[in-house]
Structures are given as C-alpha cells and as structure tokens.
Amino acid sequence: MRLISSYYASSRVIFKAIPMIGLELAPLSDDERLHEDKLRSEITSVIAARGGWISFADFMNLALYAPGLGYYAAGAYKLGIGGDFTTAPELSPVFGRCIATQCEQILSAVGGGEILEIGAGTGALAVDILEELNRARCLPTAYRILEPSPELRVRQQQRLLALDASLRNRVSWLDSLPTDTFSGVILANEVLDALPVECFQVTKENVESLGVIATSNGFAWAPKPANAALAAAVTALAATRGVNFFDGYRSELCLSLEPWLAAVLKSLERGVALFVDYGLSREHYYDDSHLGGTLACYHRQRQHHDPFVNLGLQDITAWVDFTRVADAAVAIGLTIEGYTTQANFLLGLGFDEHLTALGETLTQSDRMRLIRSAARLVMPHEMGETFKCMALGRDYSSALRGFSVRDFTASL
Ligand SMILES: C[S@@+](CC[C@H](N)C(=O)[O-])C[C@H]1O[C@@H](n2cnc3c(N)ncnc32)[C@H](O)[C@@H]1O
C-alpha cells in the first residue's frame, strides 16, 4: 500500500504535520495508464543510457518537462476544479487585484512599461490584473506570458476572451524567455516550486545524492556520493547560521535556480520581479522540523510524497529556499526590495478595500462566499503564512507598498 497524506489539498499548502496514513492513489483511466507507461519507458531508457542511475533533478525534469509526456509538456488538466490543485488566483480575484495594485505602483515609478508573467496557469491572474489596472488607468504597454504548457496556454487564451479587446490585444505569448529588455514587472506565482531539485542525504562520512534507479517494481531511490557541485552546495548550506545537518538528514536543494533566475532577470532593465511561492528562509527550511525535505506531489486534489507514481500526470514540487533566491539575485546585481508573508503582502496592498469593492454588487450569500474564499489567502493556517512574496529590483528605488505591513528581509 502506498503512503498518502490524509489531507486532500484544495490549495497547494502542504501540511507536513498531518500524519501519513495508507490511502489509495486516485485510480487512472486506460489512457492515463498508457501515458504513464510511455513516460516510464522513456525515463527507464535515460537511466539505462546513463549507467543505471540518474539524479533526482534529472528525474523531476523528465517527469515535468519531457517533450509531449512530462506533466507541464503534455495535456493533463492541471489547475482548478477537476484538476490537480488550486492556486491563489483561482481561489479569489482579490489576489489579482492586490497584485495589480503593486504593479500599478511599480509601473508608475518607472514611467510605464510591460508586465511579463511566467507560468500563467489558467490566465486568471492576467485577467484580474488587466481589469484592475484598466480601472486604475495604469495599463502596461504589453502583457506577455511565458507558458511552457500547451494545455494551459489554450486555457489562458480561452480565459482571456472574457476581456475587452482593448485589454486582450495587449497580451501575447512567448515560446522562450524574451531576448529584448524591458522596464516594468515580472510576475511568477507558484513557478519556482516546479524547478527540479536535487535530493541529498548527509551521512557521517560524506554527502550523498539521492537519485533514481529502475527496478522490476518501478523507480526507486538510490544514494550515491554527491558530485562536486552538490557536495559544495550542501557544505555551504551547512555553514549557514542555525543549520545543523546531522547523520541521516535528508532534504533537497535547487541547483538550477541560479541559472534560471539569471536567464529570467536578464530581460528586466528597470523595475521589479515578484515571486510568490511556498517557502522559507534557509535557516527555517533546513531546520529539524523539515527533516526529510518538502517534496510533494499533487494529483486530483490529493497531496502525497511519492514522485514515482502517476508519471507525467502529477505535479512534483518542493518549497523555495528564499535565501537562495535572494543570494542569486544579489549576485547578478539586483536588490531585495522586500520579503514577507502572503498575508502581509496582500494586506499592505489593500486586501480589505478590494474585497469590499468586489462584494458591493453581490447578494449577501455570494458576498459571504467571496469573503470565505478570500480569507484562505491570508489565514495563517491556510496560505497566509506558508506562502511568501519576494520582490527583486533592478534600478528601482521606491519602497513597495506590499511590504509596508511587515518586511522580513533581515531574516533571510
Ligand atoms: C502551479 S502552476 C501556477 C500557475 C499560475 N501562476 C497560478 O498561480 O495559478 C505553475 C505554472 O508555471 C508553469 N511552469 C512550470 N514550470 C515552468 C518553468 N520551468 N518555466 C516557466 N513556467 C513554468 C506551468 O506551466 C504553470 O503555468
């Protein structure tokens, strides 16, 4: 029997404190089994070609992005009702309105510019932002979306049909990161958590990379001495204040974060990049309460911890080490403009006012429904504390409103 969390995740908040009990995985259709089998044989071939072992980051990369088969490269229905998980923009339009208020401040400060959204999901955030910026008379000159998933790109295009043509015509899709530079805002909500991570284990003698082998019963974890890059990265983590890796400590880290961030931020000439995701400062990420790491999988609104099942049909994620994000950004010349919880961020951006405005034309019962779902964005035991927001600036100097309630940059 596979171990599955008893928590049926309706948002992507991972409650690791909830005990794991034996629950069956959601059953797969014949087509899904066929899809799984194809991806399994592709990954098995890669493992064989590399001498019988691949790193977990390589496995995660194939499971999420293998052309035509990976979770984000194929057709599985991902977000929302009937999908695998729900995100903040899906939960309530208040989220998008607050982000728009932050964009308005940035666009005004840099004298106008563009918005680049990375990983736009169903397009809900784009719609809410454009409508709010239109009301505020502060539209971006262009709203570009970088979306690797063909399924989500189609859903975005359909969702954006709800917009007036004067707004919709500002939106375009990129197949890869922009090659030009622009002033304005880069947005990425729940994207960093999809970047492939290396899993490691610290032993008395050395650092091991927890990789993947193919067995007659499917894929399995297999340790191997870490290569120089992973060993150096884990050694650097171990030197962090408050981090105490003891024999058997297991976790993960994202070696692809630095090159990914550098590629993304290269296009920002002037303005701010906003990253929202579940994560922690390094000191807390690697404390005793997160022993075992934060890897989680999402399939049909269930959260579990087995990346070797539902191949190509489930999301695989890890929390974000925001200290790593900050260090990577500073190393390439950006400044940390703020780091706080999602609750503080949204409250600083007029969460209450936006909620009141949204409820004005609703019936009493619809207003109560609106308030209940919006509350999940800020409640500490839901998304309010687990999710963090980090702003990285280039040639940018105005204090951002989203960090006016509380800024935890000093804790990074
Ligand atoms: C969890 S969804 C979040 C979607 C949306 N931002 C939201 O909040 O509803 C992750 C999004 O990031 C995209 N994505 C995943 N990996 C990516 C990558 N390496 N680069 C850019 N986008 C990526 C996915 O296709 C998807 O749109």
Side-chain angles (χ1 to χ4, degrees), residues 9-14 57 60-67 70-81 83-96 98-100 115-129 143-157 159-160 173-178 185-197 254-265 267 273-279 296-299 301 303 312 314-320 342 345-346 373 376-377 383 386-389:
S10 55
S11 77
R12 286 160 61 87
V13 183
I14 305 166
M60 186 166 163
N61 195 40
L62 289 165
L64 296 184
Y65 306 111
Y71 183 71
Y72 282 114
Y77 192 83
K78 299 166 186 59
L79 276 90
I81 297 163
D84 299 315
F85 51 83
T86 303
T87 57
E90 300 297 318
L91 207 51
S92 173
V94 180
F95 183 80
C98 291
I99 300 282
I115 294 177
L116 167 63
E117 185 180 356
I118 300 174
T122 64
L125 184 59
V127 167
D128 293 333
I129 289 176
Y143 194 108
R144 293 196 280 178
I145 293 177
L146 175 64
E147 177 51 68
S149 159
E151 182 254 334
L152 289 175
R153 196 189 271 221
V154 170
R155 285 176 72 184
Q156 289 156 17
Q157 282 159 350
R159 184 83 169 241
L160 284 155
W173 280 264
L174 297 171
D175 293 321
S176 54
L177 284 167
V185 186
I186 295 178
L187 297 173
N189 185 57
E190 290 203 41
V191 178
L192 292 177
D193 63 75
L195 296 181
V197 290
C254 184
L255 288 180
S256 55
L257 179 79
E258 286 82 359
W260 188 87
L261 262 189
V264 167
L265 297 173
S267 58
L274 289 172
F275 294 95
V276 184
D277 230 305
Y278 33 85
C297 307
Y298 293 87
H299 182 238
Q301 305 289 339
Q303 183 205 61
Q314 67 181 10
D315 201 5
I316 307 175
T317 74
W319 285 26
V320 176
Q342 176 169 294
F345 187 66
L346 298 181
S373 51
R376 299 187 59 191
L377 297 172
M383 300 175 91
T386 316
F387 281 71
K388 310 291 189 305
C389 180

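Small disclaimer: the values here were computed from a predicted structure and weren't measured. Whatever order the structure lists them in is the order used to number ligands and atoms, beginning at 1.
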Atom 17 (C) of ligand 1: of Y298, Y72, Y65, F85, the nearest heavy atom sits on Y65
_For the 3.5 Å polar cut-off, considering only N or O atoms, please tell me whether L152 and ligand 1 meet it._
no
request  = Please answer whether the main-chain N or O of D193 pairs with a side-chain N or O of D277 as donor and acceptor at a distance below 3.5 Å.
outcome  = yes
Logged contact type for L79 with ligand 1, heavy-atom cut-off 4.0 Å, is side chain
In this structure, CD1 of I118 is separated from CD1 of I186 (nearest 0.5 Å) by 5.5 Å
- Query: Any sub-3.5 Å donor-acceptor pair from K78's side-chain atoms to D315's backbone N or O?
  - Reply: no
Short version for K78: what comes under 4.0 Å of ligand 1, heavy atoms counted, is neither
Within 4.0 Å of some non-hydrogen atom of G121, the atoms of ligand 1 are 4 (C), 5 (C), 27 (O)
Close N or O approach (P148, ligand 1; < 3.5 Å): no
Taking distance alone, with N or O pairs closer than 3.5 Å, would you say T87 contacts ligand 1? yes
The answer for which part of I118 has a heavy atom under 4.0 Å from ligand 1 is side chain
Looking at ligand 1, is there an atom of it that comes within less than 4.0 Å of some heavy atom belonging to L125?
no
Practice task
Using modelled atom types only, decide if a donor and an acceptor are shared between the side chain of Q156 and the backbone of G121 within a distance under 3.5 Å.
Solution key: yes
Ligand 1 to G119, heavy atom cutoff 4.0 Å, flagged ligand atoms 4 (C), 5 (C), 6 (N), 11 (C), 12 (O), 13 (C), 22 (N), 27 (O)
- Polar atom proximity, T122 to ligand 1 (N or O, under 3.5 Å): no
Rounding to 0.5 Å, atoms CD1 (I145) and CG (L187) come to a distance of 10.5 Å
| said: Less than 4.0 Å is my threshold; does some heavy atom of A120 fall inside it relative to ligand 1? | reply: yes
Does one side chain, of E117 or Y143, offer a donor that lies under 3.5 Å from an acceptor on the other? yes
Next on the checklist: With a 3.5 Å distance limit and no angle check, can you tell me whether E147 reaches the backbone of A120 through a side-chain donor-acceptor pair?
Outcome noted: yes
Output for pair (F345 CZ, L274 CG), nearest 0.5 Å, gives 5.0 Å
Are the side chain of R153 and the backbone of W173 linked by a donor-acceptor contact shorter than 3.5 Å? no
From the list V191, L177, L146, side chain to side chain contact (heavy atoms under 4.5 Å, CB included) partner of V264 resolves to L177
V191 heavy atoms within 4.0 Å reach ligand 1 at atoms 12 (O), 22 (N), 23 (C)
Would you check the N or O atoms of E147, main chain and side chain alike, for any that come under 3.5 Å of an N or O of ligand 1?
yes
Interatomic distance, OG1@T87 vs CG@L125, rounded to 0.5 Å, equals 8.5 Å
Ligand 1 to N189, heavy atom cutoff 4.0 Å, flagged ligand atoms 3 (C), 5 (C), 6 (N), 7 (C), 8 (O)
Ligand 1 to P89, heavy atom cutoff 4.0 Å, flagged ligand atoms 7 (C), 8 (O), 9 (O)
So the atoms of ligand 1 within less than 4.0 Å of a heavy atom of S149 turn out to be 25 (O)
